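The block underneath contains the structure these notes are about, expressed in structure tokens.
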There are 4 protein chains.
Amino acid sequence: MESPLILINLKTYKEGIGDRAHRIAAAAETVSAESGVTIGIAPSFMEIHPLSRHYAIPVYAQHIDGISPGTGTGHILPEAVKLAGAHGTLINHSERRLTLADIEAAVSAAKRVRLETVVCTNNVPTSAAAAALSPDYVAIEPPELIGSGVSVSKADPGIIENSVAAVRKVHDGVKVLTGAGIQSGECVKIALDLGTHGVLLASSVVKADDPEKVLRELVSLL
Amino acid sequence: MESPLILINLKTYKEGIGDRAHRIAAAAETVSAESGVTIGIAPSFMEIHPLSRHYAIPVYAQHIDGISPGTGTGHILPEAVKLAGAHGTLINHSERRLTLADIEAAVSAAKRVRLETVVCTNNVPTSAAAAALSPDYVAIEPPELIGSGVSVSKADPGIIENSVAAVRKVHDGVKVLTGAGIQSGECVKIALDLGTHGVLLASSVVKADDPEKVLRELVSLL
Amino acid sequence: MESPLILINLKTYKEGIGDRAHRIAAAAETVSAESGVTIGIAPSFMEIHPLSRHYAIPVYAQHIDGISPGTGTGHILPEAVKLAGAHGTLINHSERRLTLADIEAAVSAAKRVRLETVVCTNNVPTSAAAAALSPDYVAIEPPELIGSGVSVSKADPGIIENSVAAVRKVHDGVKVLTGAGIQSGECVKIALDLGTHGVLLASSVVKADDPEKVLRELVSLL
Amino acid sequence: MESPLILINLKTYKEGIGDRAHRIAAAAETVSAESGVTIGIAPSFMEIHPLSRHYAIPVYAQHIDGISPGTGTGHILPEAVKLAGAHGTLINHSERRLTLADIEAAVSAAKRVRLETVVCTNNVPTSAAAAALSPDYVAIEPPELIGSGVSVSKADPGIIENSVAAVRKVHDGVKVLTGAGIQSGECVKIALDLGTHGVLLASSVVKADDPEKVLRELVSLL
């Protein structure tokens, strides 16, 4: 059986750049090796190259543009992300929303260069819509839970269950991540029990004094 | 059986503002009364109020924002569009793309105030995605045909057939419009034969010397 | 000497649409006639046409796009705003920000059709930058004061004085409006004493139980 | 006297990523050492880290966001760009336009972390506006010349002269780059003779079979 995915989004936290990005990546590598659980990391674009060379974990871009090589100054070319060593990419994160046409173009472009795709969504209908674009994952981030300190699994398991059902109805090959409100190993276990294939999280790991300890606790019930 | 919908987008053509918007609306009213075919018009926001008061045809906004009343200077409040007399609205036109989250919010807001919704899309996957949001219509506008003078029905009937099939698979209550490449009554007939419920068109009517004559020809085979 | 300008932005407040827009416009017309002070109103796009026909006050769009007639579905064509009866337009309001290139294009397009321009800005450097584009007015809206209930004139007269000085240095033909934190006639008087040519305000008039009374108080010290 | 700046924008050209970025950087380093002319390079975000470590030339980001550390997934944090080794950054390139407020925030943020700033503009008024924000450079890119193969210096020296004059009038400490239409060493010389402090160019170097030869020719008349 495939391992669940624990995906750590470093955002633009000051605790997630430079040496501190390396510290989190090293922690992820250690805990992943111990536990057998896949732990990925989504750093700033500038860290994709060094982190993917130094650590045996999958590295994700935080965003790509659905463009072809050419005149895209300041934009994120999927080919350049792939060349830098990335394994996959977030698309349409709540902090970097795209038009529907651009999400579709980004998913298509990622497939062209073999980047795994994680499309972020905010509710049940948008999760179903994202599934129609055939990404590898849909990550459902209920806006009321982002950064709230409340566990999505406990607060409103219905939105997760309904998203999983809606995604399966549209395209049953698309996996789902629980994308907000993950605080503990128990949250991770509940997220998987609700039918999702992993979690997308950020501050609870990135801002931790001891990321390795937090990661070890997060995978403890798997 | 429900009438097909012929929806005329006036865009920001100089031939579609002020008195000239009235001329097109009058032509639509005349031909609709003669033929029994529903002919709608999507003028500039400023013309929604006068046109919906003067002509017995459905008037559509060209765009709405999925917002609630409040601090949205320069944005399009669904309640204000409804109060001005609109029957429905385009959402996510190729010239006014929205994020997936905003399309969903706009469809929900339109339902709240009972505006009919026409979500525009650019290919088969985005049409399926739009259907997951439960609008009244999805209007498929293949980018290679917009304003090209080539009939979508003749050039590539496959994209229409596949979009109809993809939309039905996701949500069979959603109707489809053929949204580009409509030049003649024969195009309209082919569009309906391919399973769509009407057409979205612009320049062929708006820029015509005699819009009434063009409209009469467009509905001639229905 | 030219009258100061009191410009009321109706935003998308529920108190500013439909019949309630007429009520505020009527109050503005009455108080303007009594006092000799110019009172303008910026309603939704749908209300530009009816309000500019019914009331002897200048009506402003809340936004325009710097486009020429053509394929701009869902966008705001300056020619259409002018035809609907508008006297001027806001550009780059804090709730509808534009790129620098688009602000310049909008100011140029507005001049082409003879719409008065009010470019909104958020601090001293952006006020100076906006002045370089030669609009009729720059309206400085310090973000910390928007909707705060605190008077800009009292809280931080420095930002107003510095903006006036910076604008004059770049282009001394450009007038300045105080664009946030206006609560009372005393605020209006202080705004003018600081060298600005009027005020841009919203909730204090739009949400008032008696807009006429509030407007009468606002102009009472002029 | 300060050296002029030759700034090479790699855009998202396929000839400007991975090994090919290194090839161009190596050519720039060689020709800069030979000639004493400062030659900078603006690669993809992913290449900032490796290129700034391997070559003795200034590396520029193609864009930054005017944000502080925190929740900016998919955005470009100035601190992260600086940590990766960048010397400076483009801001508001014609392919990555920003709002006026965001340009100002990006210039301020770049100063906070000591990144040199090059704000791109499209005509005389926007160049004057950009100068009011006190960047290190304004790079004027007339849209009609971008990628046209026509030399800006020959085609319309007036726009360069007028931009230099307008920038000096607003803020005489701001330097100007000629940002389009640079094909040859003669173009570079004319650009400097018109009062600009260097050039911003892209395809003529990036797509060259022999970038070193092209660069050597570009600096040959300095």
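Just so it is clear, the model here is predicted, and its values are computed rather than measured. Each chain gets a letter, A, B and so on, in the order its sequence line appears, and its residues count up from 1. Hydrogens, waters and symmetry mates are skipped; everything else that's a heavy atom, side chains included, is used.
- Here the side chains of C:Thr73 and B:His63 are not in contact, with every heavy-atom distance at 4.5 Å or above.
- Of the atoms belonging to C:Val206, not a single heavy atom falls under 4.5 Å from chain B.
- Neither the backbone nor the side chain of C:Ile64 has a heavy atom closer than 4.5 Å to any heavy atom of chain B.
- The candidate from C:Leu10, C:Ile67, C:Leu83 with the greatest count of non-hydrogen atom pairs under 4.5 Å with chain B is C:Leu83.
- B:Thr12 places a side-chain N or O within 3.5 Å of a backbone atom of C:Gly70 that can act as its donor or acceptor partner.
- Contact annotation for C:His49: only side-chain heavy atoms (C-beta onward) come within less than 4.5 Å of a heavy atom of chain B.
- Per-residue heavy-atom pair counts under 4.5 Å with chain B were compared for C:Arg96, C:Glu79, C:Lys11, and the maximum is reached by C:Arg96.
- Ranked by heavy-atom pairs under 4.5 Å with chain B, the first of C:Pro50, C:Ser44, C:Ser68, C:Ala86 is C:Pro50.
- Chain C forms the most heavy-atom pairs under 4.5 Å with one residue out of B:His93, B:Glu47, B:Glu15, and that residue is B:His93.
- Proximity to chain B is limited to the side chain of C:Ala84, based on heavy atoms less than 4.5 angstrom apart.
- Among B:Lys14, B:His75, B:Met46, the residue with the largest count of heavy-atom pairs under 4.5 Å with chain C is B:Met46.
- Open room surrounds CG on B:Asp209; 12 or fewer heavy atoms of other groups in view lie less than 6.0 Å from it.
- For a residue to count as touching a neighbouring chain, one of its non-hydrogen atoms must lie under 4.5 Å from one of that chain's; by this rule B:Ile76 touches chain C with the side chain only.
- Annotation for B:Asp19: atom CG does not count as buried by contact number, only 12 or fewer foreign heavy atoms lying within 6.0 Å.
- Here B:Glu104 pairs with A:Asn123, B:Ser108 under the side-chain hydrogen bond (donor to acceptor under 3.5 Å, both in side chains) rule; sequence neighbours left out.
- Partners of C:Thr71 under the side-chain hydrogen bond (donor to acceptor under 3.5 Å, both in side chains) rule, at least two apart in sequence or in another chain, do not exist in this structure.
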